[in-house]
Amino acid sequence: MWDKLRAHHDTVKDRRFIDMLDATRAADFAATAGDMRLDYAKTNIDVTGRDLLFELLETAGVAAKRNAMFAGAAINETEGRAVLHTALRNLDGDPVVVDGADVMPAVHATLTRMETFAKAVRNGTIEGQGGKYTDVVNIGIGGSDLGPAMAVKALAPYHDGPRCHFVSNVDPADIAGVLRSLNPETTLVIVASKTFTTIETMTNARTAKAWMSEAVSDPAAQFAALSTAEDRTTAFGISPKRVFGFEDWVGGRYSLWGPIGLSLMLAVGGDSFRAFLRGGQAMDRHFRAAEWHENLPALLALVGIWHNQICGYATRAVLPYDNLLMRLPAYLQQLEMESNGKGVRMDGSSLDVPSGPVVWGEPGTNGQHAFYQLIHQGTRVVPCEFLVAARGHEDALHHQHQLLVANCLAQSEALMKGRSLDEARAKVADKFTGAELERQAAHRVFPGNRPSVTISYPQLTPFVLGQIIALYEHRVFVEGAVLGINSYDQWGVELGKELATALQPVVEGQDSAADKDGSTVALVEFLQKHGV
């Protein structure tokens with residue numbers, strides 16, 4: 001199938017897809033899930049190419065793999081685990097069986113415990129040693145930070161609980177900057193680490209505990225833990241009543257739906273958190289039931305495969321024209337690049353097509369005054385994914401939101417249309433003549449024919465945020481299934497951790513660097529000279 005797709009691409013790669021875009025294509029190359037719409041008409045995918053991509057799904061057995069995931073099969077084969085973050089948002093309780101047991105009663109029991117705790121914190125029944133909690137500090141890293149930090153920002157209009165802050169970096173500037181303005185007596189610290197051994201998280205947790213001990217008599221009483229290692233959380237001093245665990249079939253970057261989302265629940269309340277779960281559940285049902293030509297996660301994945309593996313575009317820009325989603329690109333960097341940044345297939349053989357793309361981005365309109373220059377006129381094509389809401393949350397400034405929407409639509413149109421040399425000449429013909437006209441016009445040419453998709457929705461609500469995240473999760477699944485890789489392990493993060501552990505005593509001057517390479521030895525010596 002890869003050869004067929006490449007052959008088809010060779011026949012169509014030079015055409016301008018604006019010439020394909022009529023009213024029929026605009027309707028046919030779009031799909032909806034509830035009130036969410038995916039438009040992929042501004043790409044070079046035609047009916048033949050799309051049919052070949054659908055064949056790719058069939059050849060890869062994506063439907064069967066999808067069903068196996070939802071059924072609780074151990075599709076994370078390198079670690080022998082099920083992949084069931086979807087169970088965390090299965091609010092209607094349909095049985096999900098892992099190793100012969102239905103996991104849903106325990107999932108719902110944990111959700112109820114979270115809701116009870118969050119409600120008590122929010123209404124002051126549970127308070128700090130200085131009164132009602134005013135602030136929450138979530139200490140985690142990777143999936144224990146990026147997800148909740150993104151979601152708390154995204155749902156800012158729904159905040160009616162304590163202020164939430166996030167610490168992830170072991171750089172002391174991170175935690176010092178957060179704690180500096182807080183009152184330890186009214187601050188709740190959440191330590192998010194499944195094993196309670198993550199070195200960055202536990203280092204920051206000990207720093208927070210020391211900070212807390214300077215002001216309160218029982219610092220550990222101001223902590224909660226999101227962890228399965230109750231022996232370690234008990235040793236830290238955290239009451240079991242404040243420990244919320246999750247199973248090993250929930251990967252870190254997919255864990256926002258459960259206890260890792262506690263900070264979000266504290267910020268917006270149990271009802272809004274359940275609406276968020278409902279949005280994810282709705283996308284799950286759509287993904288399982290919709291035919292491929294109407295299936296948003298499958299279509300988004302196939303567009304990504306066309307651009308990356310077939311066209312050879314190595315990056316993907318995520319551009320939310322929704323400032324509340326400012327952390328979404330960072331969240332998707334981990335979700336997509338840690339999941340599909342692999343070099344071998346499930347069977348251990350080498351991947352012979354490119355793996356997942358480099359994912360990056362910033363919210364519009366900020367990005368327009370930063371990197372859009374490269375997107376429009378640079379020598380590399382960067383497929384773009386725009387996200388935009390019909391309405392914002394600032395009703396009094398709706399006219400300003402309309403300007404935002406106009407900018408979003410204009411960017412995708414400009415990427416597609418471009419500006420020819422003749423059009424560029426006409427723009428400056430009243431100012432220049434002769435060779436100078438040609439020189440000036442050349443600088444104003446836009447190649448165009450640069451692809452984009454647009455995801456639109458009525459308003460960024462908890463439900464819609466759940467839809468968006470689940471959409472991208474399933475997109476990652478489809479791309480990984482087509483490539484034949486395991487999207488749910490992350491061995492690539494391990495080597496650096498191991499070497500850092502070995503290097504720490506070297507940096508501290510306790511061990512010799514003699515067994516290290518010359519560059520590392522020189523760097524250690526330089527940094528020690530300057531006070532490390």
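The chain is numbered in sequence order, starting from 1.
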Salt-bridge criterion met for [X] and [Y] (N-O under 4.0 Å):
X	Y	result
Arg345	Asp352	yes
Glu423	Lys417	no
Lys342	Asp489	yes
Arg274	Asp271	no

*How are the rings of Phe446 and His376 set to each other: parallel, tilted or perpendicular (split at 30° and 60°)?*
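Rings of Phe446 and His376: perpendicular, over 60°.
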*Should the ring pair Phe477 and Phe287 be called parallel, tilted or perpendicular, given that the plane angle runs from 0 to 90° and is split at 30 and 60?*
perpendicular
_Show every salt bridge (charged side-chain N to carboxylate O under 4.0 Å, His left out) that has at least one partner inside residues 56-79, sequence neighbours left out._
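Only Glu79-Arg81 qualify under salt bridge (charged side-chain N to carboxylate O under 4.0 Å, His left out).
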*Heavy-atom count around Leu397 CG within 6.0 Å, excluding the residue itself: above 12?*
yes
*Worked check of side-chain contact (heavy atoms from CB on, under 4.5 Å) between His159 and Val268*: CA-CA 5 Å; His159 289 194; Val268 303; 3.7 Å; yes
*Among residues two or more places apart or on two chains, list those pairs meeting side chain to side chain donor-acceptor pair (under 3.5 Å) that have a residue in residues 15-32.*
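Every side chain to side chain donor-acceptor pair (under 3.5 Å) pair that includes a residue of residues 15-32, provided the two are not neighbours, is Arg15-Asn44, Arg15-Asp46, Asp28-Arg50.
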Check whether any side-chain N or O of [X] sits under 3.5 Å from a backbone N or O of [Y] as a donor-acceptor pair, and report yes or no.
X	Y	answer
Asp174	Ser168	yes
Asn295	Ala290	yes
Asn204	Ile139	no
Gln467	Gly280	no

_Aromatic contact between His9 and Tyr313, with the criterion being ring centroids under 6.0 Å apart: yes or no?_
no
*With rounding to the nearest 0.5 Å, note down the distance linking CG in Leu296 to CG in Leu471.*
6.0 Å
*According to the ring pair (Phe, Tyr, Trp, His ring centres under 6.0 Å) rule, which pairs have a member within residues 13-36, sequence neighbours left out?*
Phe29-Tyr40
*For the pair Asp92 and Gln281, evaluate side-chain contact (heavy atoms from CB on, under 4.5 Å) and give the outcome as yes or no after the intermediate values.*
CA-CA 9 Å; Asp92 297 321; Gln281 182 184 44; 3.4 Å; yes
*Verify side-chain contact (heavy atoms from CB on, under 4.5 Å) between Arg419 and Lys427, making sure each step is shown before the conclusion.*
CA-CA 10 Å; Arg419 178 187 289 157; Lys427 292 286 289 185; 3.9 Å; yes
